[in-house]
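The block underneath contains the structure these notes are about, expressed in structure tokens.
Each chain gets a letter, A, B and so on, in the order its sequence line appears, and its residues count up from 1.
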There are 2 protein chains.
Amino acid sequence: MAEKSVGPGTSAEDRLIARLFAPIATHPGALGLKDDAALLAAPPGDELVFTKDMLVAGIHFFADDPAESIARKAMRVNLSDLAAKGARPLGVMLAFAIPPGMDASALEAFARGIGGDAALYDAPLLGGDTVRTPGPFTVSITAIGAVPAGTMVRRASAKAGQAIVVSGTIGDGALGLALRLAPDRPGFAALDAEEACFLKDRYLHPRPRLPLIRALREHASAAMDVSDGLVGDLAKLLSASGIGGEIDIARVPVSPAARRAVDAEPALLEVALTGGDDYEILAVVPHHELGRFNTLATMAGIGVAVIGHTHEGEGLTVRDGNGAPVSFARDSFSHF
Amino acid sequence: MAEKSVGPGTSAEDRLIARLFAPIATHPGALGLKDDAALLAAPPGDELVFTKDMLVAGIHFFADDPAESIARKAMRVNLSDLAAKGARPLGVMLAFAIPPGMDASALEAFARGIGGDAALYDAPLLGGDTVRTPGPFTVSITAIGAVPAGTMVRRASAKAGQAIVVSGTIGDGALGLALRLAPDRPGFAALDAEEACFLKDRYLHPRPRLPLIRALREHASAAMDVSDGLVGDLAKLLSASGIGGEIDIARVPVSPAARRAVDAEPALLEVALTGGDDYEILAVVPHHELGRFNTLATMAGIGVAVIGHTHEGEGLTVRDGNGAPVSFARDSFSHF
């Protein structure tokens, strides 16, 4: 059940943490990763927001993905949840289980990814745990965020008669995954190298939309991040809010690479709309606040697009370019 | 990489969480586990304390341990860290990875253990994540606690010339593990059924010493919980504090079961002192505050014992009943 340590304060774990992770845990509350816990002052007047996602090799990422990319994905899927709630990051707690054969250079790359994103998103590494596993590389991050009290953007609070908005472009992550699984599909054969790289990068490296948090807190009646596919996640948001909605496929923003793949192979449209791994923001915004919402998004450098509206009742209608309702074999991906 | 869901808001994960975990997530900040994040008001004047331990089947517990016990162990090793820091629990974030073949009844038992300990220790389940893994059952908990600002008990702040104190009894958990691995050892053959059960229970079910948090905050110059063995953990605390210390084995409190096993097989003494899984509190307390510390511990219903003292210099000396220094083949267990 356990291995020998080499002496007090110098177990293999202690040495690994000291060498790779203590240098990136620069926040004073991390206590140099030398105590049993991390310490954080709560900003006065704020509420705390917590989210926790666990990622497993072979389920949520490929075991042979670069370890730095795995680290960044684990950080970003958690930070994406904070962004959707309007919360700014205060820090992260990190635990990971190292499989047999994972070498020092991979662990160094993993630490580099954690440290890089901690700096990039101002989400300092506060503490955590490092263990061995006979199974796959497994990463668990708890992201800690804060919002001014009473302003967290909920999932279940959308109202009828409002605009449905998404950030960025939809489908790139799912198409990037599909491209890795079946690169010979006609839609992907139509892509040039740069477009293929773009899609694969969007799968590997989500972009948490933290610059949108002010726009969301001030103007969204509800929001969530799109992790399991636009159609399924929107259906969840509407259902949780007790309302219905409809969106027009033609208004869903897609990247030039996704557009080319879908044009060459129309079946990929369903992958783009239901496949997940977008980590864009899905929000519901009152029509009369759209102008201000768009201005704040523009100031934040993030594109947003109205793709439909909510209404009384229930259910989600997805309409094609001719206004005809379409349905999908599945509504969303589930890793579960 | 992913399975189909059965529809919006009704993936297998959603249904599992709704059925097993939403009923135990009664804290309002858990939002019924239906949002992307949990919400918590930070108590004014407090600082937040975070700790995160990951447990892997076959490393930190036996894969065939009862799932309710696994849940309780995962909760308690984290709550033990909070206790050592003088922090009261505010809640926990839970993520776990379910291996192939783990059935619904095991998941129910796991949820029962989490819910039971959340209630017992007033550490509400706030949120988390549920995933599948091809590997071993893996549980990650982040415990969130609070202390009045400036009062968290550090590991590196012990002073020379103070008393070294432990709570409860030392060695039961390590002996319980050793008993499971080799029940025919002479020391264990000497135990009656009740004593054997006691040791195994102490391995399975740590007891976080949360009732001691006031005594620790008010009187300890430093503390940590004993998870990797008394000798090794004390050496770490002394080293982090830049001081030395010595303890007398004869003063280390042991249970009647541990006493009988060690009397029958003296080699088990080393297991008891270096084996870990105690989850007792190791603290350094100024001699003139011992009276008040003991009073608070007695009021909390937890035994504490002075086992030695700190001094200038470095290193840990462990003395036997005749005052002669002893050394061990290893100082502490490491799961790593």
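Between A/P136 and B/G135, the shortest heavy-atom contact is CD-CA, 3.6 Å. Residues B/K85 and A/D35 approach most closely at NZ-OD1, 2.5 Å, considering heavy atoms. The two residues B/M54 and A/A95 come nearest to each other via the heavy atoms CE-O, 3.8 Å. Taking all atoms of both residues into account, the shortest heavy-atom contact from A/D53 to B/D129 is CA-OD2, 3.3 Å. Looking at every heavy atom in both residues, B/L31 comes nearest to A/M152 through CD1-CE, 3.5 Å.
In terms of heavy-atom pairs under 4.5 angstrom with chain B, the leader among A/V56, A/L238, A/L237 is A/V56. The most heavy-atom pairs under 4.5 Å with chain A, out of B/A38, B/A37, B/A42, B/A143, come from B/A38. Ranked by heavy-atom pairs under 4.5 Å with chain A, the first of B/L82, B/I144, B/D225 is B/I144.
Looking at A/I141, the atoms closer than 4.5 Å to chain B (heavy atoms on both sides) all sit in the backbone: N, CA, C or O. Proximity to chain B (any heavy atom under 4.5 Å) is shown, for A/L55, by neither the backbone nor the side chain. At a 4.5 Å heavy-atom cutoff, B/A240 makes no contact with chain A through either its backbone or its side chain. If you measure heavy-atom distances from B/L316 to chain A, you find no contacts under 4.5 Å at all. Of the two parts of A/A223, only the backbone, made up of N, CA, C and O, holds a non-hydrogen atom closer than 4.5 Å to a non-hydrogen atom of chain B. With a threshold of 4.5 angstrom between heavy atoms, B/A149 does not approach chain A through any atom at all. Heavy-atom distances place the backbone of B/L94, and not its side chain, under 4.5 Å from chain A. With a threshold of 4.5 angstrom between heavy atoms, A/K34 approaches chain B through N, CA, C or O but not through any side-chain atom.
Annotation: side chain of B/V131 is not in contact with side chain of A/I59 (no heavy-atom distance under 4.5 Å).
Identified under the side-chain hydrogen bond (donor to acceptor under 3.5 Å, both in side chains) test for residues 142-155 of chain A, with sequence neighbours left out: A/K52-A/T142, A/T142-B/K52, A/T142-B/T142, A/R155-B/D36.
Not counting sequence neighbours, the partners of B/R88 by the side-chain hydrogen bond (donor to acceptor under 3.5 Å, both in side chains) test are B/D46.
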